[in-house]
Number of protein chains: 2
Amino acid sequence: MEERKCMRIHLSIMDTLSVVNGKWKLVILSVLLNGKMRFRELSRVTGISPRILSKELQELEMNELVIRTVCDTKPVTVEYSLTEYSKTLDEVIDAMNRWGIKHRERLTGRKPNVKTGTLTQLAESN
Amino acid sequence: MEERKCMRIHLSIMDTLSVVNGKWKLVILSVLLNGKMRFRELSRVTGISPRILSKELQELEMNELVIRTVCDTKPVTVEYSLTEYSKTLDEVIDAMNRWGIKHRERLTGRKPNVKTGTLTQLAESN
DNA sequence: CAGTATCCAAAAAGATACTG
DNA sequence: CAGTATCTTTTTGGATACTG
């Protein structure tokens, strides 16, 4: 029984990971929290190359986490935005956001600063 | 300014991912939530091969999330357990655990069952 | 038992050029 | 602009045998 409870929690963690795992999915979702964004802008803001971004967005769309809207402009533009269902992930994103901030503070001993590099760079410089 | 806020959230998400990303780290932590466990048992329960498990545990140890304790038995055994600091990740783990359960219910329309395979298997069978 | 060494397969990511 | 195609590199994960 103890075994089963343990199985269950690690199964559900793996289920979540099967949807949002990888370097980019949660980043994309967290950016879209600020509102809809077009493909290229999303690519620029996140630094994700078009090929990867396209793939990630398709997967997020398949999992009903983002919506792709083609705008009747000239030339055509495409907007990506969050679905209602994606709101159920807010707890996860918020928790990771908060933890990331605290963890960086812990490592740097000061408030997070956009200009500072990644944590791995920081850790390696120690 | 809007841009900076957006940068900040996705920076902190990436910071968190830099520590717990990958297929296994959160799974390992979630298993250790049930208490300390020895190397081999951890390998058996999670299904992680020794080489990977060893590497993951070392990384978790470097980030002060697990403690490795050598026990003076014959032959020597080694116990892994969570650190105090790892408790700060509880929110993240809980959120992912809850989301995984809900998401599986949504896809299967029934209570989660350990006997059922992974969600990707489920999704592909549709 | 705990872990490393070796070798290998698969997945993920990236650069860049190109198309409608 | 939005995305795909192509090619390459890097990262990750896994099987298995071996050592103290």
Side-chain angles (χ1 to χ4, degrees), chain A residues 10 13-14 16-29 31-32 36-63 66-81 117-121 123-124, chain B residues 10 13-14 16-29 31-32 36-63 66-81 117-121 123-124:
Chain A
H10 94 248
I13 295 279
M14 290 186 76
T16 301
L17 289 176
S18 75
V19 176
V20 299
N21 200 19
K23 204 168 167 180
W24 296 123
K25 298 222 172 51
L26 287 168
V27 171
I28 293 170
L29 294 174
V31 168
L32 289 179
K36 63 189 181 187
M37 197 174 283
R38 298 208 315 233
F39 186 88
R40 210 166 193 289
E41 183 73 351
L42 207 40
S43 171
R44 198 185 59 77
V45 168
T46 57
I48 310 176
S49 72
R51 194 182 74 87
I52 303 298
L53 181 58
S54 173
K55 197 201 69 196
E56 301 284 286
L57 285 169
Q58 280 173 28
E59 287 167 13
L60 289 171
E61 210 187 340
M62 277 176 34
N63 284 302
V66 307
I67 288 177
R68 177 180 180 275
T69 313
V70 177
C71 305
D72 188 13
T73 52
K74 247 177 118 170
V76 167
T77 56
V78 179
E79 281 172 359
Y80 287 90
S81 54
T118 65
L119 278 191
T120 24
Q121 282 163 0
E124 279 161 3
Chain B
H10 95 249
I13 295 279
M14 290 186 76
T16 302
L17 289 176
S18 76
V19 176
V20 298
N21 200 20
K23 203 168 167 179
W24 296 123
K25 298 226 172 51
L26 287 168
V27 171
I28 292 170
L29 293 174
V31 168
L32 289 179
K36 63 187 181 190
M37 196 175 283
R38 297 207 316 233
F39 186 88
R40 208 164 195 288
E41 182 73 351
L42 207 41
S43 171
R44 197 186 59 77
V45 167
T46 57
I48 311 177
S49 72
R51 193 181 73 87
I52 302 298
L53 181 58
S54 174
K55 197 200 69 197
E56 301 284 286
L57 285 169
Q58 280 174 28
E59 287 167 13
L60 289 171
E61 210 186 340
M62 277 175 34
N63 283 303
V66 307
I67 289 177
R68 176 177 179 278
T69 314
V70 178
C71 306
D72 189 13
T73 53
K74 246 178 121 174
V76 166
T77 56
V78 179
E79 281 173 357
Y80 287 90
S81 53
T118 66
L119 278 192
T120 24
Q121 282 162 0
E124 279 161 3

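Note that these values count all heavy atoms, side chains included, but never hydrogens, waters or copies made by symmetry. Residue numbers start from 1 in every chain, and the chains themselves are labelled A, B, ... in the order their sequence lines are given, proteins ahead of strands.
Electrostatic pairing of A/Glu41 and A/Arg38 does not count as a salt bridge here, judged by no charged N lying under 4.0 Å from a carboxylate O.
Nearest-nucleotide mapping onto DNA chain D: of A/Pro75 and B/Trp24, the residue sitting toward the 5' end is A/Pro75. Annotation: of the two residues near DNA chain C, A/Glu59 and B/Val78, the 5′-most nearest-nucleotide partner is B/Val78.
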>> Pair B/Val45, B/Met37 - check side chain to side chain contact (heavy atoms under 4.5 Å, CB included), show working.
In response: CA-CA 10 Å; B/Val45 167; B/Met37 196 175 283; 4.2 Å; yes

>> Before you tell me yes or no, could you show the steps for A/Val70 and A/Val76 under side chain to side chain contact (heavy atoms under 4.5 Å, CB included), namely the whole-Å CA-CA distance, both residues' side-chain angles and the distance that decides it to 0.1 Å?
In response: CA-CA 7 Å; A/Val70 177; A/Val76 167; 3.5 Å; yes

>> Apply side chain to side chain contact (heavy atoms under 4.5 Å, CB included) to residues B/Asn21 and A/Asn21 and explain how you reach the verdict.
In response: CA-CA 7 Å; B/Asn21 200 20; A/Asn21 200 19; 3.1 Å; yes

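Regarding contacts with the backbone of C/dT4, a side-chain N or O of B/Ser54 is found under 4.0 angstrom from either OP1 or OP2. Between A/Lys55 and D/dG3 there is no side-chain N or O to OP1 or OP2 distance below 4.0 Å. Under 4.0 angstrom from either OP1 or OP2 of C/dG3 there lies at least one side-chain N or O belonging to B/Tyr80. When the side-chain nitrogen and oxygen atoms of B/Gln58 are compared with OP1 and OP2 of C/dG3, none of them lie within a distance under 4.0 Å.
As a whole-Å value, the separation of B/Lys23 NZ from D/dT12 P is 13 Å. For the pair B/Arg44 CZ and C/dG3 P, the interatomic distance rounds to 17 Å; values are reported in whole Å. Summarising the geometry, the separation between CG on B/Asn21 and P on C/dA12 is reported as 11 Å, rounded to the nearest angstrom. Summarising the geometry, the separation between CG on B/Leu57 and P on C/dA2 is reported as 11 Å, rounded to the nearest angstrom. When rounded to the nearest whole Å, the span between CD of B/Glu41 and P of C/dA2 equals 9 Å. Distance, A/Leu53 CG to C/dT16 C1': 16 Å, rounded to whole Å. Taking atom CD of residue A/Glu56 and atom P of nucleotide C/dA12, one finds them 9 Å apart after rounding to whole Å. For the pair B/Ile52 CD1 and C/dA10 P, the interatomic distance rounds to 15 Å; values are reported in whole Å.
Side-chain atoms of A/Phe39 lie closest to D/dG3 of the nucleotides D/dG14, C/dT4, D/dG3.
Take A/Lys36 and apply the salt bridge (charged side-chain N to carboxylate O under 4.0 Å, His left out) test, not counting sequence neighbours, and it matches A/Glu79. The side-chain contact (heavy atoms from CB on, under 4.5 Å) search around A/Gln58 returns A/Ser54, not counting sequence neighbours. With sequence neighbours left out, A/Ser81 forms a side chain to side chain donor-acceptor pair (under 3.5 Å) with no residue at all. Contacts of B/Glu59 classified as side chain to side chain donor-acceptor pair (under 3.5 Å), with partners at least two apart in sequence or in another chain: B/Lys25.
Of the candidates A/Leu42, A/Leu26, A/Ile48, A/Val31 forms a side chain to side chain contact (heavy atoms under 4.5 Å, CB included) with just one, namely A/Leu42.
Heavy atoms of A/Glu79 sit nowhere under 4.0 angstrom from any nucleic acid atom.
Within the 3.5 Å criterion, the main-chain N or O of B/Phe39 finds no donor-acceptor partner in the side chain of B/Ser43.
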>> Once pairs are restricted to Watson-Crick or G-U wobble with both distances under 3.5 Å, how does DNA chain D read as a dot-bracket string, [ ] for crossings and | for other-strand pairs?
In response: ||||||||||||||||||||

Any N/O pairs under 3.5 Å between the protein and nucleotides 5-9 of chain D? List them or say none.
from  : atom 1 : to      : atom 2 : distance (Å)
D/dT6 : O4     : A/Arg51 : NE     : 3.4

